[in-house]
Amino acid sequence: MKLKELLKNIQPEQILGSDDIEITGVNIDSRKIQDGHLFVAMRGTQVDGHKFIPKAIAQGAKAILCEDMPEEKADGVTYVQVKSTEDAVGKVATLFYGDPSRHLILVGVTGTNGKTTIATLLYNMFRKFGYKCGLLSTVCNYIDDKAVPADHTTPDPIELNELLGEMVKAGCQYAFMECSSHAIHQKRIGGLKFKGGIFTNLTRDHLDYHKTFENYLNAKKAFFDGLPKDAFAITNADDKNGMIMVQNTKATVKTYSIKQMADFRAKIIECHFEGMYLDIDGHEVGVQFIGKFNVSNLLAVYGAAVMLGKKPEDILVVMSTLHSVSGRLEPLHSPKGYTAVVDYAHTPDALENVLNAIHEVLNGKGHVITVCGAGGNRDKGKRPLMAQEAVKQSDKVIITSDNPRFEEPQDIINDMLAGLNAQQMRKVISIVDRKEAIRTACMMAQKGDVILVAGKGHENYQEIKGVKHHFDDKEVLRAIFEEEKE
């Protein structure tokens with residue numbers, strides 16, 4: 001594609017060199033540059049891409065998109081200066097990959113919790129309806145049934161458009177994607193056309209990046225502000241920020257609720273560890289999920305499917321066959337008669353939701369033992385809040401390592417324990433080794449009890465000092481259960 005075609009949707013401040021040259025690829029990573037590529041110099045949170053312009057040219061870049069013109073300019077290379085490469089990159093990538101979102105029915109899901117579950121359930125539901133679909137999520141990306149490993153909740157704009165382009169090539173009609181606050185703020189989804197957006201909820205998270213809760217809220221809201229008039233916006237009326245999200249959107253607004261009047265409503269008729277019976281808009285349905293927060297997630301899925309033209313009765317038939325996402329409130333049963341629940345809960349609100357769900361099923365019968373930690377090099381303010389939430393709804397709490405990253409695990413544990421008073425501390429022990437913490441919880445558990453192993457869910461690694469070591473909570477539990485049989 002000619003460079004001038006790629007620049008159609010942006011306003012360059014100046015162009016030095018010819019814009020009539022052929023571009024064979026677009027990249028923000030100088031290591032991936034090949035002959036004929038356009039290199040986009042991005043100011044990242046860690047490094048400034050402008051430093052890598054010489055390397056990109058050495059690797060064959062024929063054009064550079066930058067904010068600051070380099071002092072030394074190479075012969076035969078075109079330099080395009082823009083006010084913001086962050087703003088421009090999505091628009092350029094969209095054009096290079098043939099504007100793939102225009103050829104898909106693309107639905108984005110944003111909020112603190114529930115994004116993965118809702119996006120994945122929509123993907124699974126529409127495949128069961130017989131469509132080819134794409135999924136972009138924290139756990140894994142899918143091009144129809146082909147898995148593509150995910151490194152970030154939302155990929156960079158170039159990788160994102162490339163994946164969407166692959167979906168179009170594979171014949172996908174629908175695509176469902178998680179839209180993280182980072183991705184919205186960094187304009188990674190710039191240039192994409194969404195048919196719909198879903199808001200789940202908003203609680204404290206990622207303040208290490210956004211600094212204030214208001215910034216975090218505004219990042220999420222920007223997604224709905226940008227939806228076109230022919231799109232829909234489905235929001236959670238039970239969240240105090242639900243209506244704020246959609247107050248400036250041009251899209252058709254719909255609400256869902258388990259507490260009040262809304263366009264899509266549900267209530268729990270009955271629940272146990274294997275699932276629930278629900279009333280959704282006057283129809284009864286059995287689902288393989290537990291917890292009020294999952295009722296909200298399923299309502300969002302139901303509402304989106306209705307807005308995408310599906311009949312309520314057809315939606316509910318498929319919904320009854322859907323399973324929970326890996327590592328989200330996933331029960332494992334011990335031969336000793338207790339249940340272990342593995343969940344990704346890594347915010348105070350998520351921990352509260354999961355523990356509420358467990359108590360809804362237990363109904364006062366049996367004890368709850370919670371194993372949890374907090375990630376290193378992330379928002380430290382939520383650590384004492386996580387410990388408080390765990391203690392509030394558990395009979396025993398074991399504070400342990402999560403992904404310590406570059407911090408000392410004991411320092412993170414100490415930050416969590418600092419939120420507890422002397423009386424709360426009587427319920428708590430700390431064990432740095434996560435495997436030993438899980439084993440200790442299993443030794444404490446009696447028949448009818450529930451162990452919640454929180455924080456890592458689907459992850460099969462522990463990140464320590466920059467190295468990912470294999471670690472899977474479910475594998476650890478299954479190994480312990482095997483020993484219990486002997």
Side-chain angles (χ1 to χ4, degrees), residues 101 104-126 129 133 135-137 154 174-181 183-184 189 192-203 217 219-267 278-283 285 287 289 292-312 314-316 318-319 322 325:
S101 64
L104 292 161
I105 295 168
L106 178 64
V107 177
V109 188
T110 196
T112 306
N113 304 312
K115 296 187 296 294
T116 302
T117 295
I118 292 168
T120 305
L121 292 182
L122 280 166
Y123 162 79
N124 287 332
M125 176 178 278
F126 275 76
F129 281 139
C133 299
L135 174 68
L136 293 149
S137 89
T154 313
Y174 292 86
F176 304 98
M177 76 180 280
E178 291 184 50
C179 299
S180 70
S181 56
I184 299 163
I189 56 174
L192 300 186
K193 184 180 190 298
F194 286 90
K195 178 64 182 168
I198 299 168
F199 171 70
T200 63
N201 49 55
L202 199 71
T203 60
L217 182 149
K220 298 284 188 191
K221 185 176 175 293
F223 171 65
F224 295 95
D225 291 351
L227 288 177
K229 204 167 21 174
D230 61 351
F232 61 82
I234 299 178
T235 192
N236 183 358
D238 296 333
D239 187 280
K240 64 177 187 265
N241 295 296
M243 298 316 292
I244 293 171
M245 286 292 143
V246 294
Q247 68 188 13
N248 300 114
T249 190
K250 297 185 217 59
T252 301
V253 175
K254 296 287 179 183
T255 56
Y256 64 94
S257 172
I258 60 172
K259 295 175 183 171
Q260 57 188 295
M261 290 304 293
D263 295 300
F264 308 110
R265 293 195 64 201
K267 64 181 179 187
L278 306 177
D279 178 305
I280 294 181
D281 283 354
H283 305 276
V285 62
V287 295
F289 297 81
K292 283 180 184 164
F293 69 96
N294 266 326
V295 182
S296 291
N297 291 338
L298 289 166
L299 258 184
V301 169
Y302 172 82
V306 168
M307 294 306 287
L308 290 168
K310 296 295 155 199
K311 291 180 184 167
D314 294 341
I315 297 166
L316 296 174
V318 173
M319 190 178 277
L322 298 174
V325 176

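These numbers were taken from a predicted model, which means no experiment stands behind them. In what follows, residues are counted from 1 in the order of the sequence shown. Below, each value reflects all heavy atoms present in this structure, side chains not excepted, and no hydrogens, waters or symmetry copies.
Every pair passing salt bridge (charged side-chain N to carboxylate O under 4.0 Å, His left out) that includes a residue from residues 224-234 is listed here, sequence neighbours excluded: Lys193-Asp230, Lys221-Asp225.
You'll find the ring centres of Tyr256 and Tyr302 outside the 6.0 Å limit.
Judged as a side-chain hydrogen bond (donor to acceptor under 3.5 Å, both in side chains), and not counting sequence neighbours, the contacts of Ser257 are Asp238. Applying the side-chain hydrogen bond (donor to acceptor under 3.5 Å, both in side chains) rule to Lys250 yields no partners; only residues at least two apart in sequence or on another chain are considered. With sequence neighbours left out, the ring pair (Phe, Tyr, Trp, His ring centres under 6.0 Å) criterion links Phe232 to no other residue. Among residues two or more places apart in sequence or in another chain, the side-chain hydrogen bond (donor to acceptor under 3.5 Å, both in side chains) test is passed with Asn236 by none. Remark: Thr235 engages no residue in a side-chain hydrogen bond (donor to acceptor under 3.5 Å, both in side chains) (not counting sequence neighbours). Shown here are the ring pair (Phe, Tyr, Trp, His ring centres under 6.0 Å) partners of Phe224, two or more places apart in sequence or in another chain: there are none. The ring pair (Phe, Tyr, Trp, His ring centres under 6.0 Å) check on Tyr123 picks up Tyr142, with sequence neighbours excluded. For Ala251, the side-chain contact (heavy atoms from CB on, under 4.5 Å) partners at least two apart in sequence or on another chain are Leu227, Ala231, Ala233, Thr249. Partners of Phe289 by ring pair (Phe, Tyr, Trp, His ring centres under 6.0 Å), not counting sequence neighbours: none found. Shown here are the side-chain contact (heavy atoms from CB on, under 4.5 Å) partners of Thr117, two or more places apart in sequence or in another chain: Leu121, Asn294, Asn297, Val325, Arg328. Taking Lys311 as the reference, Glu313, Asp314 meet the side-chain contact (heavy atoms from CB on, under 4.5 Å) condition, with sequence neighbours excluded.
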Leu308 vs Val107, side-chain contact (heavy atoms from CB on, under 4.5 Å): CA-CA, chis, key distance, verdict: CA-CA 10 Å; Leu308 290 168; Val107 177; 4.1 Å; yes
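Atom CG of Asn241 is separated from atom NZ of Lys220 by 11.5 Å, given to the nearest 0.5 angstrom. Ser137 contributes atom OG, which lies 12.0 Å from atom CG of Leu122 (distance to the nearest 0.5 angstrom). Put simply, CG on Leu278 and CG on Leu298 are 6.5 Å apart, with the number rounded to the nearest 0.5 Å. The CD1 atom of Ile105 lies 8.0 Å from the CZ atom of Phe176; values are rounded to the nearest 0.5 Å. Atoms OG and CD1, on Ser296 and Ile118 in that order, are 8.5 Å from each other to the nearest 0.5 Å. For the atom pair CE of Met125 and SG of Cys133, the computed distance is 11.0 Å after rounding to the nearest 0.5 Å.
Between Ala305 and Ile315 the shortest heavy-atom distance is CB-CD1, 3.5 Å. Closest approach of Thr200 and Gly114 over heavy atoms only: CG2-C, 4.2 Å. Of all non-hydrogen atoms in Ala300 and Ile198, the two that sit nearest each other are CB-CG2, 3.8 Å. Nearest approach of Asn113 to Asn201, heavy atoms of both residues: N-OD1, 3.0 Å. Residues Thr110 and Cys179 come closest through the heavy atom pair OG1-O, 2.7 Å.
Contact of the Met177 side chain with the Phe194 side chain is registered, since non-hydrogen atoms from C-beta on lie closer than 4.5 Å. The shortest distance between side-chain heavy atoms of Phe199 and Asp239 falls below 4.5 Å. Counting only heavy atoms from C-beta outward, the side chains of Met245 and Leu202 approach each other to under 4.5 Å. Under the 4.5 Å side-chain criterion, counting only non-hydrogen atoms from C-beta, Lys310 is not in contact with Val318. Side-chain atoms of Thr255 and Gln260, non-hydrogen and from C-beta on, never get closer than 4.5 Å to each other. Residues Thr120 and Leu135 have side chains in contact (heavy-atom distance under 4.5 Å, counting atoms from C-beta outward). A 4.5 Å side-chain heavy-atom check between Ile280 and Arg265 finds every atom pair outside the cut-off.
Classification of the Phe126-Phe129 ring pair by plane angle, with boundaries at 30° and 60°, yields perpendicular.
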